[in-house]
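Notes for the one structure printed next.
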Protein chains: 2
Amino acid sequence: MPGTETTRPLSSSIGDYLKAIWALAGTGSASTTEVSGHLSVAPASVTNMLGRLQEMGLVRYERYRGASLTGRGREEALRLVRRHRLIESFLLGHLGYSWQEVHDEAERLEHAVSDEFTERLAELLGHPAHDPHGDPIPAADGTLEPDDSLPLGEAGVGGRVRISKVSDESIPVLDYLGERGLVPGRLLIIREVRHLDGVVTVEDEGGETHALGGPLTRAVFVREEAAG
Amino acid sequence: MPGTETTRPLSSSIGDYLKAIWALAGTGSASTTEVSGHLSVAPASVTNMLGRLQEMGLVRYERYRGASLTGRGREEALRLVRRHRLIESFLLGHLGYSWQEVHDEAERLEHAVSDEFTERLAELLGHPAHDPHGDPIPAADGTLEPDDSLPLGEAGVGGRVRISKVSDESIPVLDYLGERGLVPGRLLIIREVRHLDGVVTVEDEGGETHALGGPLTRAVFVREEAAG
DNA sequence: GATTATTATTAGCTAAACCTAAATTTATGT
DNA sequence: ACATAAATTTAGGTTTAGCTAATAATAATC
Ligand SMILES: [Mn+2]
Ligand SMILES: [Mn+2]
Ligand SMILES: [Mn+2]
Ligand SMILES: [Mn+2]
């Protein structure tokens, strides 16, 4: 009976590696050090795991050349991303978590919930399109809306832009942005882009100005707003 | 700096062993084979783990003599039981799971949620006292309501009893009982207790009679009802 | 193009949880 | 009390997922 090999569920470590490659490289390929940094795991351990993922058909890997996701690898990564973002939405909307707290809890829960749980949760939430940070939630069939937003640092001066999402990597960054209301949906006018030090100065709807350095302008993503 | 040893979270395996000992023996002691059977793990593996749990101060263990929980062990077991039962309540009440499905999902999630999550969930649910199977939910401080209910098999004939809880161990059993409305809260009159084969015949509120064999009478727990 | 620096791999270990098979201890039956 | 049966432990593996230190390959610099 070919095709009957019981495919036991992938471990949470494996899932986190696939998500890391997806986050770092999307459809391209990620290097050992990049993955190592993203997961806080020693480079040697990454080398070892990439070999295993290749065996399992989840990744294409060439020594010294990095790894990229196969179809199955990408599928699994997106399944986890869907779970992660739905869980974040639930924690914020139903359990009263703050914007900054949701990520860590979701990072663990994404590996423990079943597909059943995930879809029932999506139902309860009304099938949201975006998570609290503004990241699009992959559909149950693995489809993901293409993202055309760009980092604030790369936006042109003078333009009116709307915050589309905020990186959920750093808690201090989320704290800072949250306090100032620099959250998805907010409308901004770009007053100055200083190439010397990368500082971008923006004005928000309330007339407040904010001068944001590199790490912040890389964490805030925007879309150009039709003139209004 | 004594007392500063970073106490990293206990693994889910460890948690399941502690819960098993608690479920099998409560404050008494459980044997290697009992634990082995409950967890579907080889006896040799149990011996090994009991040694480790002893080292960790979670269990009192004497070779060939079984293991009992220490204060810390019991505390951890009850923390997990609290999570488990709150999660079951959530799955049934908010996600539309059936009575039979909740257990397996909770068995995994109990290890992944934080204390924060647990307490916020308790809040959302309105601090329920019992889970869907009728099991009491331990309080956040580790207190647990004493249980004075007894298996249907041990109830006296002629009495009016109310179902207080139903064992959540076997899905077929839950299926059977659920279909017939033999759920916590249901009032029954015991019509016959046949000691020959352990079959108990009961009549429910709707006048239906049910003849239940050993495995079922051991799964249904009741309390005597004040005359009405 | 040779040298140096960076990146990645290999080699060798560890710990957690499991397993099977063999030995040993405890309990039971006559 | 002794033999047998049942329960338990010991001995010796395995797999997963990590680590450090040493080595090798690739990339960058002079
Ligand atoms: Mn994760
Ligand atoms: Mn997010
Ligand atoms: Mn469990
Ligand atoms: Mn239950």
Side-chain angles (χ1 to χ4, degrees), chain A residues 5-21 24-25 28-68 72-73 76-77 80 107-108 110-112, chain B residues 5-21 24-25 28-68 72-73 76-77 80 107-108 110-112:
Chain A
E5 316 83 31
T6 306
T7 174
R8 64 191 146 304
L10 302 173
S11 73
S12 55
S13 283
I14 288 176
D16 283 339
Y17 275 89
L18 297 175
K19 278 206 317 169
I21 296 168
L24 288 164
S29 92
S31 72
T32 299
T33 14
E34 285 171 324
V35 175
S36 163
H38 193 91
L39 296 178
S40 304
V41 156
S45 307
V46 174
T47 297
N48 187 60
M49 180 64 101
L50 293 182
R52 285 178 52 209
L53 295 179
Q54 156 113 297
E55 291 308 291
M56 295 185 237
L58 296 166
V59 131
R60 244 161 287 115
Y61 169 56
E62 232 180 314
R63 280 197 329 315
Y64 296 101
R65 210 113 276 175
S68 62
R72 277 188 50 221
E76 176 63 17
L80 283 172
E107 196 59 50
R108 270 175 295 109
E110 65 189 3
H111 307 289
Chain B
E5 315 83 31
T6 307
T7 174
R8 61 194 148 304
L10 303 173
S11 74
S12 55
S13 283
I14 288 177
D16 283 339
Y17 276 88
L18 297 175
K19 277 206 315 169
I21 296 168
L24 289 165
S29 92
S31 73
T32 299
T33 12
E34 285 171 324
V35 175
S36 163
H38 193 91
L39 297 177
S40 304
V41 156
S45 307
V46 174
T47 297
N48 186 61
M49 180 63 102
L50 293 183
R52 285 177 52 210
L53 295 179
Q54 156 113 296
E55 291 306 293
M56 294 185 239
L58 296 166
V59 131
R60 245 162 286 114
Y61 169 56
E62 231 180 315
R63 277 190 343 310
Y64 295 101
R65 209 114 279 175
S68 62
R72 277 189 51 219
E76 177 63 16
L80 282 172
E107 196 58 50
R108 272 175 293 109
E110 64 189 4
H111 307 289

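Residue numbers begin at 1 in each chain, while the letters A, B, ... track the order of the sequences. Please read these numbers as outputs of a predicted model, since none were measured by experiment. Scope of the values below: all heavy atoms of this structure, side chains included, with no hydrogens, waters or symmetry mates.
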Looking at A:Ser13, does any N or O in its side chain come under 4.0 Å of the phosphate oxygens OP1/OP2 on D:dT16? no

Specify the separation, in whole Å, of atom CE of A:Met56 and atom C1' of D:dA17. 11 Å

Between B:Tyr17 and C:dA16, does any side-chain N or O lie under 4.0 Å from OP1 or OP2? no

Rounding to an integer number of Å, can you tell me how far B:Leu10 CG sits from C:dA15 P? 18 Å

Within less than 4.0 Å of OP1 or OP2 of C:dT10, is there a side-chain N or O belonging to A:Thr47? no

Within the structure shown, what part of the strands sits under 4.0 Å from A:Val41 by heavy-atom distance: base, sugar-phosphate, or nothing? sugar-phosphate

Counting C-beta onward and ignoring hydrogens, is there a side-chain heavy-atom pair between A:His111 and A:Leu80 closer than 4.5 Å? yes

Just how far, in rounded Å, is P of D:dA7 from CG of B:Leu50? 16 Å

Can you measure A:Met49 atom CE to D:dT15 atom P for me and round it to whole angstrom units? 15 Å

Using a 4.0 Å heavy-atom cut-off, does A:Ser45 contact any base of the nucleic acid, only the sugar-phosphate backbone, or nothing at all? base

For B:Arg63 and D:dT10, is the shortest distance between a side-chain N/O and OP1 or OP2 below 4.0 Å? yes

Value in whole Å for how far the P atom of C:dT9 lies from CZ of A:Arg52: 16 Å

Can you tell me if B:Ser31 touches the phosphate of D:dA7, counting only side-chain N or O atoms and a distance under 4.0 Å to OP1 or OP2? no

Check: A:Leu53 and A:Tyr61 side chains under 4.5 Å, non-hydrogen atoms: no

Does B:Arg108 reach the main-chain N or O of A:Ala112 with its side chain, forming a donor-acceptor pair under 3.5 Å? yes

Kindly indicate whether the side chain of B:Ile14, heavy atoms from C-beta on, has any atom under 4.5 Å from the side chain of B:Met49. yes

Could you check A:Val41, A:Val46, A:Thr47 and say which one makes a side chain to side chain contact (heavy atoms under 4.5 Å, CB included) with A:Ser36? A:Val46

Considering only side-chain heavy atoms of A:Arg65, which listed nucleotide, C:dC19, D:dA27, C:dT9, is closest? D:dA27

Distance check needed: C:dA17 P versus B:His111 NE2, whole Å only. 11 Å

A:Leu53 CG to D:dT15 C1', straight-line distance once rounded to whole Å: 15 Å

What is the distance from CG of B:Asn48 to P of C:dA15, rounded to the nearest Å? 13 Å

Here's a test of your reading of the structure: between A:Tyr64 and B:Glu62, which maps to the more 5' nucleotide of DNA chain D? B:Glu62

Please determine, for the side chain of A:Ala44, which listed nucleotide (D:dA21, C:dT20, D:dA17) has the closest atom? D:dA21

